[in-house]
There are 2 protein chains.
Amino acid sequence: MLSLTEENYLKAIYHLSDGGTKSVLTNEIAESIQTKPASVTDMVKKLAVKNLITYEKYYGVKVTRQGKSEALSIIRKHRLWETFLVEKLGFDWGQVHDVAEQLEHIQSSLLIEKLDEFLGFPSADPHGHPIPDKNGKFHVSRQIALAEASGKKTVMRAVRNSSPAFLDYLSKQGIYIGATIKILERMEFDGSLEIIIDGKKKVYISKEASENILVTE
Amino acid sequence: MLSLTEENYLKAIYHLSDGGTKSVLTNEIAESIQTKPASVTDMVKKLAVKNLITYEKYYGVKVTRQGKSEALSIIRKHRLWETFLVEKLGFDWGQVHDVAEQLEHIQSSLLIEKLDEFLGFPSADPHGHPIPDKNGKFHVSRQIALAEASGKKTVMRAVRNSSPAFLDYLSKQGIYIGATIKILERMEFDGSLEIIIDGKKKVYISKEASENILVTE
DNA sequence: TAAAAAGTTTAGAGTAGTCTAAAATAATAT
DNA sequence: ATATTATTTTAGACTACTCTAAACTTTTTA
Ligand SMILES: [Mn+2]
Ligand SMILES: [Mn+2]
Ligand SMILES: [Mn+2]
Ligand SMILES: [Mn+2]
């Protein structure tokens, strides 16, 4: 069984590795986990002994099959809890992450199975991020950034950045997961967009915002 | 803010002190928390510095007003989570304690307020144990052990012992919280009882069982 | 291709919590 | 009252995790 700290390192490494594809450097981990490189080196050795990652001195780490499976189980818990907080307890989508950071470490497979069922086996969390199933598989529809979308009607599916500030901004603009978004005009000057939400509300959003909104066409 | 370990010690001390009335000895704490007396001595000093208990060398500890309030907040969380697990997720009443031991340490007052509301502000957990309100107050009806009850009709309110084994035994006998229990006969020989549940089901229970069933008359 | 810069690891130390063994104190029995 | 026993505390050590500072390796620059 992994300690809370080991779980946090492994999850961070998994995310930085883009789902286990890229290898990850010591400083990136330190940065992402708010700790010092020296501490990372220590922990990385521990995780390597447990076969969750492979570690090559000075060249970073790679997530193993076993590590991927453990990481996905933590991510699954995190996203199920976020869904619970929003759907059942009425939290705002910008309030849930920090609480889920704690809840994801509760150890009880029965709890997670029952929670999943209670929530109706959701396939995405409140930010549109996919929830892996019990076996670590997720089925995701092809999503693209609104910035790359054509002028066709699209549906908002997820956020790429889930900072409270951005989520608040979206809420204020009336943009939410499931909303229909059509691009009316793309400004050549700065890449900002004029869009229409649900065929009703016209708003202007910056290029940066449009890069963090994921849609399906 | 208290560490998880500090919270566990404080809660154990509070329970051993009968709600802050009696003073508690080092060995009792060690026993209850499954640790060694030497470790208890260390921790007890830390809690005393934080004004949660008073500590007199060789004579044990007493819970302070502040300690009582902290302990009640942990107990409140524990019992709300147990209620959630049974009422919403369909856990069995004997399965919830260990998971609640973990959940009680999640730090978020918003979460607890929302959970309380989601559950409909319950006044007792699945074992009939009272849930203190936000201010640490509980309103309890006068309960007595079934062993001390007269032949009048009583209502099952709580268990005194909540070990999975006892809870399982009760479930098998058809005894549950809210059930009507009437004593038909008390055996002089061993103090065992013949009772009738909800006016329908006759069962025999031992004296020991009857001492762990709390009822109101 | 050698020097400088950037990144990483090692060494040594600190905190929180735990333990064993020995010393100290309190309670009990003669 | 004194000796024995039970309880508690202290001393010293160990694990998990963290840090700073110094040493080392890799990458970049000139
Ligand atoms: Mn999150
Ligand atoms: Mn976490
Ligand atoms: Mn419990
Ligand atoms: Mn606990």
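All values reported here derive from a predicted model rather than from experimental measurement. So that the names make sense, note that chain A is the first sequence line, chain B the second, and so on, each numbered from 1.
The side chain of Tyr58(B) places no N or O atom within less than 4.0 Å of a non-bridging phosphate oxygen (OP1 or OP2) of dA23(C). At the phosphate of dA16(C), neither OP1 nor OP2 sits under 4.0 Å from any side-chain N or O atom of Thr5(B). Considering only side-chain N and O atoms, Asn27(A) lies under 4.0 angstrom from the phosphate OP1 or OP2 of dT8(C). Residue Tyr55(A) has no polar side-chain atom (N or O) positioned under 4.0 Å from OP1 or OP2 of dT8(C).
Distance Met1(B) CE to dA16(C) P: 13 Å, rounded to the nearest Å. Separating the CG atom of Leu4(A) from the P atom of dT15(D) is a distance of 21 Å, rounded to the nearest angstrom. In this structure, CG of Asn8(B) is placed 14 Å from C1' of dT18(C), rounded to the nearest angstrom. The CD-P distance, from Glu31(A) to dT8(C), rounds to 12 Å in whole Å. Between the CD atom of Glu56(B) and the P atom of dT25(C) there is a distance of 15 Å, given to the nearest Å. In this structure, Lys36(A) atom NZ and dA6(C) atom P are separated by 17 Å, rounded to whole Å. Taking atom OH of Tyr59(B) as the reference point, atom P of dA27(C) lies 4 Å away to the nearest angstrom.
To the nearest 0.5 Å, the span separating CD on Gln143(B) from OG1 on Thr216(B) amounts to 7.0 Å. Interatomic distance, Leu2(B) CG to Gln107(B) CD, rounded to the nearest 0.5 Å: 7.5 Å.
Residues of residues 37-45 of chain B that place a heavy atom closer than 4.0 Å to DNA chain D, in numerical order, are Pro37(B), Ala38(B), Thr41(B), Lys45(B).
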